[in-house]
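What follows is a single structure, written as structure tokens, with notes after it.
Numbered from 1 within each chain, the chains take letters A, B, ... in sequence-line order. Here the structure is a predicted model, which means the values were calculated and not measured.
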Amino acid sequence: DGQRLFSIAVSRVQHLHLLAQRLFSDFESSLQTEEQRQLNKIFLQDFCNSDYIISPIDKHETQRSSVLKLLSISYRLVESWEFPSRSLSGGSAPRNQISPKLSELKTGILLLIKASEDGAELFPDSSALQLPPYGNYYQSLSADESLRRTYELLACFKKDMHKVETYLTVAKCR
Amino acid sequence: MMKKAVELVLLLLLLFFTPHIMGKRYSPPGKPTLTRCRSPEKETFTCWWEPGSDGGLPTTHALYYRKESSERVYECPDYHTAGENSCFFNKNDTSIWVNYNITVVATNTLGSAFSDPVDVDVVYIVKPNPPEKQTVTIMEDKGWPFLRVSWEPPQKADTRSGWITLIYELRVKLEEENEWEMHLAGHQKTFNIFSLRSGGKYLVEVRCKPDHGFWSEWSSTSYIKVPDYFHREKSVWILLTIFSAFIFLILTWLLHMNSRSLKNCILPPVPGPKIKGFDNQLLKNGKSDEIFSALMVSNFPPTTSSNYEDLLVEYLEVYVPVEQELMQEESKDLHGGCLKCERSTSDSDSGRGSCDSHTLLMDKCGETKEEGRHTDRASSRMLTEAQRHQKGWEKDTLTYAHGDMVSPDMSNGRVKTWPSVFSPLPQYSSNPLDKQSSLEMAKQHCLSTSSCLTQPGHSTKEALGPSNWDFCLGNKQPHLLHPQTQVGRQLQAHSEVNISNIGRKQAPAGLQSPALRSTEYVEVQRVNEEDLVLLQPVVSGCGRIEGYPQMPKGKDYSKVKGVDSDNMLLLQREVMEEDWCPGVDQEINGGTGNCYTSSTVNTTQKPTACIHTAMPVQGDMALAMNGYVDTATMCTLPTC
């Protein structure tokens, strides 16, 4: 049963990741070459909103982490994007709406956490702290840098989705 | 950092001055470019660059990178592992989901060149190694072989922990082909290939790709040869072909056997010309003469001109029944006839004779009496005598004629009954001895009548109507007339029978005798033993009665015109053989030939005929001179 939930969660996050990838590539193709270079430079200096979330960044660390940790990190990541994803549009089709999918994914991960052994303990601690900074972070930025903002948004979203996918996959195979 | 910058400046100065001092043309190195960076398993990665021109001086390259979250510049830890112009980042130096900003610098004594920085995220530069341990085996599925290909993921890729997920793809082709057949295998590590060619040699290759990454290179080719197996399809086709060929042969044979009948059925032969006597061979030979000669019928068309008269019936045998014989006998015996004629001559009505054939004879009889002066008297008398004969005869066919004779009207002596003339000779109750005589008398009578008729100067033909004078009023009249005239004479003892007048004024109403072409007359020659009336032609156009008519010895028969309603034999003489004139004169002159007894019928035709004219001859002589027969004289019939 756990495997089934994992499989479902993994497939959903894979889909989200594909959406994010498509959004980013579309945006990047619409940009001018010059802008692209500048954006690349700019991007190196900026950070994603999810950088404060400590997550394993290599395989070793990932394999060293427990399933629960992976699940909780995944949960936090998904949750962090729940609000900012509303400005993102995956497409006209309702299937491609990102925000509801994130919500669904979050629910699934929660189920997985509860299904694990130590789920109940970590859950109340992590969720309450992270919500406010998300909302403030993106609103504080100036409006004229919309192009840069979109680029960042899409890039960070794509990366985070891939993270969740990886974590879930590793947790599933564990 | 400062140290490096100072070193860099010194190096640049050195590079700048060195070529200047040396006198050579040196330049700083060209700009290197990073070609690619790849990670095989998402744990390590390698970057390769392309160096620019070296400027003639030994050039060194360095790769510097910077991670996204810090400003710290790192230099490539490993330049050698990955080969020339490469930088290998090991696991410790590799961070996932972190952008690397990598720059390569080429440096020589004159200067250095920086490459463009490249942002690298390891996740997206994964290109795994090709699958390993690839195996291809042949397996059978219900007699049909297929290939089973299996492989292993590349060794470095950690798919087991789920760190990396790979999808696979394989391709197959026959050895002699150029096109590969691609198959996507997904996450599975085995694959089946069907529809193999028997005895073919196949090549199989596999490659893999991570979910977000690049395709790996194709694995090493696996060769496999499919064994020869017998196609069930082929066997079926072979059997079918043999069977159809067999059937085809049979059909051909049947067709050949029945070719003729089929030919006739489908293409019926065109009927050729079938002419009797026509020889196709002759036609082919081309001799038209022979061909047409064969067709010729010798007798057709008749080339010789034939006498049309020959075609006509020249003679015919008339079967005269016994009644006729009797009549003939009676005709010879003019006695009764004369008597009757006398009686009939009492009728003085002369106006009825023209239309009414019934009373024609009677009128004639009457006229003879009244118009004694007329030359026609004799003829009318003859007619009346004929009537008399008729009456006397037992012939029933002489209906009205008889009646007329018997009736007092007959006494007029007018010959009214023309048809009676045509009637066959009434039977006569005379003895057979008188046969001859009566016949002769009849003849004479006929002659006389004809002469009478011809008196007016008209030919008998003219005087006589076309149809009315067919009877032998004259010499040529059939024998029938003879007795009739004789009878008529007898009837009209003293009356004059203006036969000619009657003939003229008489309308051919009642007498619808068949139209006669000519006014030729036939006289009864005799009656032979076989009861055949032998007729002899009487020459027409003989207007004069002179001398005794010579009895034609030839036996000529008149043509039977027909039999009228009263069973009267209508005769017509066709051929004129002799032209002899009735010997009216003899009669008139008081020939004492065979005459009817007590009748005024004179048969002037024969020498043997004697004509006794009991009646006064009035003007008869003149008539006789002109060829008319004095009926008065004729009426008197001597008993011979």
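Top candidate by heavy-atom pairs under 4.5 Å with chain B, chosen from E165(A), E61(A), H60(A), Q14(A), is E165(A). Chain A forms the most heavy-atom pairs under 4.5 Å with one residue out of D158(B), V122(B), V98(B), D121(B), and that residue is D158(B).
Contact residues of residues 159-171 of chain B toward chain A are R160(B), S161(B), G162(B), W163(B), T165(B) (heavy-atom distance under 4.5 Å). Contacts between residues 207-222 of chain B and chain A, defined by a heavy-atom separation under 4.5 Å, are made by D211(B), H212(B).
Qualifying salt bridge (Lys or Arg N to Asp or Glu O under 4.0 Å) partners for D26(A), counting only residues two or more places apart in sequence or in other chains: none. Scored by the side chain to side chain contact (heavy atoms under 4.5 Å, CB included) test, E50(B) finds T33(B), T35(B) as partners (sequence neighbours excluded).
A side-chain donor-acceptor contact under 3.5 Å links R72(B) and Y74(B).
Within the model, atoms CD1 of I98(A) and CZ of F157(A) stand 4.5 Å from one another, a figure rounded to the nearest 0.5 Å.
There is no contact between S55(A) and chain B, counting heavy-atom distances below 4.5 Å. Contacts between S95(B) and chain A at a heavy-atom distance below 4.5 Å involve backbone atoms as well as side-chain atoms.
In this structure, K4(B) fails the cation-pi test against Y64(B), since its NZ or CZ atom is not both closer than 6.0 Å to the six-membered ring centre and inside 45 degrees of the ring normal.
Using bins of under 30°, 30° to 60° and over 60° for the plane-to-plane angle, the ring pair H17(A)/Y124(B) lands in the parallel bin.
A pairwise comparison of heavy atoms in L5(A) and L112(A) identifies CB-CD2, 3.5 Å as the closest pair.
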